[in-house]
Amino acid sequence: MEIAKEMRRDLGYWLKVQREKKGLTQSQLAELLDLKYYSFVSQVENGSCRIPQELYALWADSLGVEQDEFAKTVLEHLEPGLHEILFRSDG
């Protein structure tokens, strides 16, 4: 279980970096995502909760990240075994 928490924290850090690259505060991102409270962004960034899958595309677009890159990164951190099966190099 501790590895899963660490992976969520790592993903949260990546999301924070993407947000900061875009020059957004947590509040501004929350507004783009049509979230009632910016604290959800904070919780995702600190690894205490996950982004609902139905919001992946909106988060990607709001952060200026290609949707496929966003999905791969989320999958790599939340489902590393599945990510390995789907994206391992055969060469």
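What you see is a predicted model, and the numbers here were worked out from it, not measured in a lab. The analysis underlying the following values was restricted to heavy atoms, covering all of them including side chains, and did not include hydrogens, waters or symmetry mates.
The distance from the CD1 atom of Ile85 to the CD atom of Glu79 is 10.5 Å, given to the nearest 0.5 Å. Distance check: His83 NE2 to Arg88 CZ gives 12.0 Å after rounding to the nearest 0.5 Å. Note that CD of Gln43 and CZ of Arg8 are 12.0 Å apart. Values are rounded to the nearest 0.5 Å. Rounding to the nearest 0.5 Å gives a distance of 14.0 Å between CG of Leu11 and NZ of Lys16.
Annotation for Glu20: atom CD counts as buried by contact number, over 12 foreign heavy atoms lying within 6.0 Å. In the displayed structure, Asp68 atom CG is contacted under 6.0 Å by more than 12 heavy atoms of other residues, nucleotides or ligands. The neighbour count for Gln53 CD, taken as heavy atoms of other residues, nucleotides or ligands under 6.0 Å away, does not exceed 12.
Under the 4.5 Å side-chain criterion, counting only non-hydrogen atoms from C-beta, Val74 is not in contact with Trp59. Counting only heavy atoms from C-beta outward, the side chains of Leu75 and Phe87 approach each other to under 4.5 Å. Residues Leu15 and Val44 form a side-chain contact, since some pair of their non-hydrogen atoms from C-beta on lies under 4.5 Å apart. Inter-residue side-chain proximity for Met7 and Leu78 is flagged as unmet; no heavy-atom pair is nearer than 4.5 Å.
Closest of all the heavy-atom pairs between Val65 and Gln18 is CG2-OE1, 3.8 Å. Minimum heavy-atom separation, Cys49 to Phe40: SG-CE1, 3.5 Å. Taking all atoms of both residues into account, the shortest heavy-atom contact from Leu63 to Lys22 is O-CD, 3.8 Å. The minimum heavy-atom distance between Gly23 and Gln28, with the atom names listed, is O-OE1, 3.7 Å. Heavy atoms only, all atoms of each residue included: Ser62 and Leu24 are closest at O-CD1, 3.7 Å.
Checking side-chain atoms of Ser27 against main-chain N and O of Tyr38 turns up no donor-acceptor pair under 3.5 Å. Panel note: side chain Arg9, backbone Gly47; no donor-acceptor pair is recorded below 3.5 Å.
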